[in-house]
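See structure below.
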2 protein chains.
Amino acid sequence: MNREKQLRDFLLHGDKIYMPRVSVDCVIFGFHEDQLKVLLLRWKDGRWCLPGGFVKWDESVDDSAVRTLQERTALNNIYLQQFHTFGAPDRERGKKLKDIPDSKKSWLRDRFVSVGYYALVEFSKVHPLPDWLSDECRWCDIHKVPALIYDHNEMVETALEKLRMSLNDHPVGYNLLQEKFTMPELQRLYETILDKPLDRRNFQKKMLSLGILERLKERKTGGAHKAPFLYRFDKKKYERAMKQGLKLGF
Amino acid sequence: MNREKQLRDFLLHGDKIYMPRVSVDCVIFGFHEDQLKVLLLRWKDGRWCLPGGFVKWDESVDDSAVRTLQERTALNNIYLQQFHTFGAPDRERGKKLKDIPDSKKSWLRDRFVSVGYYALVEFSKVHPLPDWLSDECRWCDIHKVPALIYDHNEMVETALEKLRMSLNDHPVGYNLLQEKFTMPELQRLYETILDKPLDRRNFQKKMLSLGILERLKERKTGGAHKAPFLYRFDKKKYERAMKQGLKLGF
DNA sequence: TATTCATTGTGTTATCAATACGCAATAAGA
DNA sequence: TCTTATTGCGTATTGATAACACAATGAATA
């Protein structure tokens, strides 16, 4: 079988391409139907995990995260942020490599330290792709993440905390929403990330006061009530405001 | 010579104790004479670097940072914070291992990824100790850091940025100052870290409003002017306030 | 067609925090 | 004793945040 040969070759000779002891894992956030989502992989043995990968000898750790992201989402120019490195000695304890011949000689045998990144992507543009070890790659509601391998649940938690903290300096809506969006949509994004309700009117006031939004003439029709305006980020004003550092203060 | 044998043994067999490819570097901050300081090492070849070390096979990356700290400062219970991982493929380019026999076989040969930590210590309690590769371990003013090896200058910059950002959530004075201190001393600490002047009266008002300081009956005499009160942190109130998250807002 | 209803857009007011100062008290030196 | 730089405490002003009122709208319903 071809895949078996591929796996065996990876186990025994992967260290010619990849640096041992260091890996990368990505918490990829998306926003859909008023819910914050993360992208998960299901291994052939049924267990769930975060998208991740290894670092090539001649590439930076950051670049290996970019590569992982591209391979799983088919997206370029992704907003990516290193958030923490996980280095417990037993973090990969488990049945890794079990039943695989020659695994004792593999470069994967001993412990790995993993550098965690989180990414913000536009949900509708993503086409999730499983890797060659996985059967499935799909979005999962942030509140319904199943048990993941190793310390990956902790990674999701930590990534969400860091995302929350960066909320005051980085208008994450720019990366998570579609180009055109309504004020209620933007508000629900913030409410979902912060996990608390915000006053509708004060939220709108604060967002508009930042001067980074452009109101379009269109409205979003089709809803059952008053049609809200559509907005988009004004890229120039957005970047000018970012340099001076936003202060949202939620 | 004994030291040469020790070095050779470390180069050839260190990987029995230490995990290759991953290292740890520490930016150790202290505060003395109104200046923020970092602890630096001078190698036998004259170059300066940050205190760092390697990760034992059975210890966590965090623990290896704690061990490094203890070995350089002879302190326990140090406030330590992982702040970034540095993983450029050429970050150790230079004359590492040059002129050392058998270096081609060493586990140190290829690239390392380094996990950066910063520490806050009480200057007066530290007894800087060089490691076995260094001649000297001493404090250096944050504004006068010389050229350091590899990417260590970038590490200092990044650590300072992160320290600044954490200033609003963590009253760093608790870790950097002596037990008893005056309000002007606390203010100058903040001014040094933020690199900007603060209004004396508003600073005092805000600090006292946090309710984590205890004013002592003593005053600090000996100065050329009005004797300021001495304060210390009220540990219970301090920790209670920390759980709810301080908001300093400088 | 008129009515109902949930939702949106735009205010106003009250409260709290941050900033900019004024001034008396004080310790050391002249 | 007087001067000087500094400390402790206080107030006025400004600005931001939080709480709430109300008219406008678009679809569903009677």
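First the proteins, then the strands, lettered A, B, ... as listed; each starts at 1. Only this structure's heavy atoms are used, side chains among them; waters, hydrogens and symmetry mates stay out.
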Expressed as a whole number of angstroms, how long is the span from B:M207:CE to D:dG8:C1'?
17 Å

Can a salt bridge be assigned to the pair B:R67 and B:E71 using a cut-off of 4.0 Å between side-chain N and carboxylate O?
yes

Check this one for me: any side-chain N or O of A:Q204 less than 4.0 Å away from OP1 or OP2 of C:dG9?
yes

Closest heavy-atom pair, A:P51 versus A:L39, reported as atoms and distance to 0.1 Å, is CD-O, 3.3 Å

As a quick check of understanding, evaluate salt bridge (Lys or Arg N to Asp or Glu O under 4.0 Å) for A:E218 and A:K180, giving each step before the final call.
CA-CA 10 Å; A:E218 320 164 57; A:K180 299 176 184 178; 3.0 Å; yes

May I have the distance from B:F229 (atom CZ) to D:dT7 (atom P), rounded to whole angstrom?
13 Å

Rounded to whole angstrom units, what separation is found between the CG atom of A:L186 and the C1' atom of C:dT8?
15 Å

Would you check if the side chain of B:N153 reaches a backbone N or O of B:L148 as a donor-acceptor pair within less than 3.5 Å?
yes

Tell me, for nucleotides 16-26 of chain C in 5' to 3' order, what letter each nucleotide earns: B for a base near a protein heavy atom under 4.0 Å, S for only sugar-phosphate near one, - for neither?
--SBBBB--BB

Would you please name every residue forming a side chain to side chain donor-acceptor pair (under 3.5 Å) with A:S134, sequence neighbours left out?
A:D131

Please give, in whole Å, the distance from D:dG8 C1' to B:L230 CG?
15 Å

Starting at atom CZ of A:F203, determine the distance to atom C1' of D:dA16, rounded to an integer number of angstrom.
17 Å

Can you name the nearest heavy-atom pair linking B:F181 to B:R232, along with the distance?
CE2-CA, 3.9 Å

Grab the NZ-P distance between B:K220 and D:dT6 for me, whole Å please.
15 Å

